[in-house]
S.K.: 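To start, I am sharing the structure in question, which I have written as structure tokens.
Keep in mind it's a predicted model, so treat the numbers as computed, not measured.
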Amino acid sequence: MPPSYTDDQIVYAVRDGLIIPAQLDRMAQGMIDLVNKTRAAMSIDNYRFDVDAHDEVAHQAAIESIVMLKNDDAILPLNAGPVANPSATPQKIAVIGEFARTPRYQGGGSSHITPTKMTSFLDTLAERGIKADFAPGFTLDLEPADPALESEAVETAKNADVVLMFLGLPEDAESEGFDRDTLDMPAKQIALLEQVAAANQNVVVVLSNGSVVSVAPWAKNAKGILESWLLGQSGGPALADVIFGQVSPSGKLAQSIPLDISDDPSMLNWPGEEGHVDYGEGVFVGYRYYDTYGKAVDYPFGYGLSYATFEIADVAAAKTGANTATVTATVTNTSDVDAAETVQVYVAPGKADVARPKHELKGFTKVFLKAGESKTVTIDLDERAFAYWSEKYNDWHVEAGEYAIEVGVSSRDIADTVAVALDGDGKTQPLTEWSTYGEWEADPFGAKIVAAVAAAGEAGELTKLPDNAMMRMFLNPMPINSLPTLLGEGGKKIAQFMVDEYAKLAK
């Protein structure tokens, strides 16, 4: 029996005499590879991994994942009183939302793992001696609202200086095995936010969700918004560090937040029909679509606020090879808060033979700066940073020409733009009588032959091609074997001349 075979649309593999779906075979092989990678460590006598050290890694990863979307009136960071600042008077804090007590720290379905520790936001407050009144407000399901929980939450909010509302998507709303059909959070959570905001105008929303949720419909009810995603086992301490100002938020959005689900380009093809879905948006996915076509978004790709302010200056790009470049910029922390900023480099192609996005992120670096400090950052761009996948060449392809290098802090917040001219990779395909006149002009050999045709036309040796805009419009997309259609017998001679000359040059 062969090592694999196909039955209808499922590929099977044969392993140790068992026939299993190839996808499961790859998963099994991945687990075996993982075991082999850890075998050396696990073979050490009395080996024990450091639980606390691993938890600290999770803690730092969570801190850097939190994205601050909104901070009106500098409502964040909060003042925890003597715990963080012995001379400060603590704010009276209300914490509302079951996610604060029962964090959604990981995805659904087969992604479930058992953490070594699990520290919620409420656990962290207790450990750090920070006082806060708590009300769950809602249950972590898609069931209707509980009026008793809502009433308790509103009363709790009335007595606070500031309200931290933990909202988001319960696991029932997003998981493997099904698609979301809305970007909205559960209606009962939005309704509760409206009630709480009516009772207390100082509301900070802390989001827990694995994929993007709509923000615009309810953002007016919150002065502050933290997108925390699914923060893992140490999300509670990470949130407390950011909320109470031990660290400044430095996360950036890895996807745009649209104003409406209908703005997403995939909606033209999703959910498909008759068991078939076309990925019709091609390369115009996410910010590549929104930015290319000037579509308004709520928050752009790469966006994220900080407690600090930064300035990017002295942007420069230098060519380092035929199709490579290096980008430098000076970043200055213009505030009195130590913090990190992420410098993003986007490449914008010039005129291209194929449809390309307005720009694409091709490099970034996060730099930590103390208050008032400046640093110069360097980001190298290799050949792939300028390339696109060419179906014609069945390979990555870099076209010659000028490329714009944009440096900024989001896809729509560009500090400066510089240019670099590249040689291109020189890829060509053999020219034939079926190649268009425009393709002949663009080819290194073909361009010489086109010039020879023009010279022969001036000398009276060949029919002279009309030189006007209208004729060029017809000529460029036309295969040269169609020249007789325009020029009769003279066009036939030109086409034959071009093919013959190419055979000589391309030897």
S.K.: Verify side-chain contact (heavy atoms from CB on, under 4.5 Å) between Leu69 and Tyr303, making sure each step is shown before the conclusion.
M.R.: CA-CA 8 Å; Leu69 299 179; Tyr303 177 90; 4.0 Å; yes

S.K.: So, the side chain of Thr334 versus the backbone of Thr309: is there a donor-acceptor pair under 3.5 Å, distance only?
M.R.: yes

S.K.: Just by distance, do the side chain of Gln429 and the backbone of Lys392 share a donor-acceptor pair under 3.5 Å?
M.R.: yes

S.K.: Evaluate the side-chain proximity of His359 to Ser411: yes if any heavy-atom separation is below 4.5 Å, no if none is.
M.R.: yes

S.K.: Donor-acceptor pair, Gln189 side chain versus Gly168 backbone, under 3.5 Å?
M.R.: yes

S.K.: Can you tell me if Thr182 uses its side chain to pair, donor with acceptor, with the backbone of Asp184 under 3.5 Å?
M.R.: yes

S.K.: Between Glu56 and Ala53 (side chain of the first, backbone of the second, donor and acceptor by atom type, cut-off under 3.5 Å), is there such a pair?
M.R.: no

S.K.: Compare every heavy atom of Glu171 with every heavy atom of Ser175, then report the nearest pair and how far apart it is.
M.R.: CB-O, 4.1 Å

S.K.: Locate the shortest heavy-atom distance separating Thr342 from Ser250; write the atom from each residue and the value.
M.R.: OG1-O, 4.2 Å

S.K.: With distance as the sole test, does Ser482 use its side chain to make a donor-acceptor pair with the main-chain N or O of Thr485 at under 3.5 Å?
M.R.: no

S.K.: What do you reckon, is OH of Tyr393 surrounded by more than 12 foreign heavy atoms closer than 6.0 Å?
M.R.: yes

S.K.: Considering all heavy atoms of both residues, which atom of Gly235 and which atom of Ala62 are nearest to each other, and what is their separation?
M.R.: CA-CB, 4.4 Å

S.K.: Step by step, would you call Glu174 with Arg104 a salt bridge (Lys or Arg N to Asp or Glu O under 4.0 Å)?
M.R.: CA-CA 12 Å; Glu174 56 174 356; Arg104 182 157 177 253; 2.5 Å; yes

S.K.: Any chance you could measure Trp270, atom CH2, to Arg180, atom CZ, to the nearest 0.5 Å?
M.R.: 10.0 Å

S.K.: Checking Gln233 against Asp55 for the side-chain contact (heavy atoms from CB on, under 4.5 Å) test, could you report, in this order, the C-alpha distance in whole Å, the side-chain angles of both residues, the deciding distance, and whether it holds?
M.R.: CA-CA 7 Å; Gln233 69 179 46; Asp55 190 61; 2.7 Å; yes

S.K.: Flag the pair Thr417 / Ile405 as yes when at least one side-chain heavy-atom distance between them is below 4.5 Å, and no otherwise.
M.R.: no

S.K.: For Glu176 and Ser110, test the side chains for any donor-to-acceptor distance below 3.5 angstrom and give the result as yes or no.
M.R.: yes

S.K.: Taking CE in Met470 as the centre, count heavy atoms belonging to other residues, nucleotides or ligands within less than 6.0 Å. Is the count above 12?
M.R.: no

S.K.: Closest approach of Thr428 and Pro444, non-hydrogen atoms and distance?
M.R.: CG2-CD, 3.5 Å

S.K.: Should Leu183 and Val213 count as side-chain neighbours, where that means a heavy-atom distance under 4.5 Å?
M.R.: no

S.K.: Let me see the working for Glu441 and Arg472 under salt bridge (Lys or Arg N to Asp or Glu O under 4.0 Å), right down to the final yes or no.
M.R.: CA-CA 12 Å; Glu441 279 193 313; Arg472 301 295 300 182; 2.5 Å; yes

S.K.: Does atom OH of Tyr279 have more than 12 heavy-atom neighbours, drawn from other residues, nucleotides or ligands, at distances under 6.0 Å?
M.R.: no

S.K.: Side chain to side chain donor-acceptor pair (under 3.5 Å) between Asp382 and Thr324: does it pass, once the steps are laid out?
M.R.: CA-CA 5 Å; Asp382 61 14; Thr324 59; over 6 Å; no

S.K.: Can you tell which of Glu227, Glu64, Glu341 makes a salt bridge (charged side-chain N to carboxylate O under 4.0 Å, His left out) with Lys252?
M.R.: Glu341

S.K.: If you round to the nearest 0.5 Å, how far is CG of Asp353 from OH of Tyr388?
M.R.: 5.0 Å

S.K.: Indicate yes or no for a side-chain donor-acceptor contact from Tyr307 to the backbone of Val242 under 3.5 Å, with no hydrogens or angles considered.
M.R.: yes

S.K.: Centres of the Tyr502 and Trp440 rings: under 6.0 Å?
M.R.: yes

S.K.: Do other residues, nucleotides or ligands put more than 12 heavy atoms under 6.0 Å from the NZ atom of Lys464?
M.R.: no

S.K.: Is the Tyr346 ring parallel, tilted or perpendicular to the Phe301 ring (thresholds 30°, 60°)?
M.R.: perpendicular

S.K.: Are side-chain heavy atoms of Val327 and Leu381 found at a separation under 4.5 Å?
M.R.: yes

S.K.: Using a 6.0 Å cut-off, check whether atom CZ of Phe364 has over 12 heavy atoms from anything other than its own residue.
M.R.: no

S.K.: Check the surroundings of atom NZ in Lys362: do more than 12 heavy atoms from other residues, nucleotides or ligands lie under 6.0 Å from it?
M.R.: yes

S.K.: Would the distance check show the side chain of Lys295 and the main-chain N or O of Tyr289 forming a donor-acceptor pair, the cut-off being under 3.5 Å?
M.R.: no

S.K.: Taking Asp260 for its side chain and Ser262 for its backbone only, find out whether a donor-acceptor pair lies under 3.5 Å.
M.R.: yes

S.K.: Does a side-chain N-to-carboxylate-O contact under 4.0 Å join Arg288 and Glu360?
M.R.: yes

S.K.: Give a yes or no answer on whether the side chain of His397 reaches the backbone of Asp425 with a donor-acceptor pair at less than 3.5 Å.
M.R.: no

S.K.: In Å and rounded to the nearest 0.5 Å, what is the OG to CG distance from Ser211 to Asn209?
M.R.: 6.5 Å

S.K.: How far apart are the C-alpha atoms of Asp291 and Lys358, what are their side-chain angles, what is the distance that settles it, and do they pass the salt bridge (Lys or Arg N to Asp or Glu O under 4.0 Å) test?
M.R.: CA-CA 7 Å; Asp291 292 357; Lys358 175 184 178 181; over 6 Å; no

S.K.: For residues Asp263 and Tyr290, report the shortest heavy-atom separation together with the two atoms involved.
M.R.: O-CE2, 3.5 Å

S.K.: So does Lys375 have more than 12 non-hydrogen atoms from other groups sitting under 6.0 Å from NZ?
M.R.: yes

S.K.: With a sphere of 6.0 Å drawn around NZ of Lys448, does it hold more than 12 non-hydrogen atoms of other residues, nucleotides or ligands?
M.R.: no

S.K.: How many angstroms lie between CG in Asn333 and CZ in Phe310, if you round to the nearest 0.5 Å?
M.R.: 4.5 Å

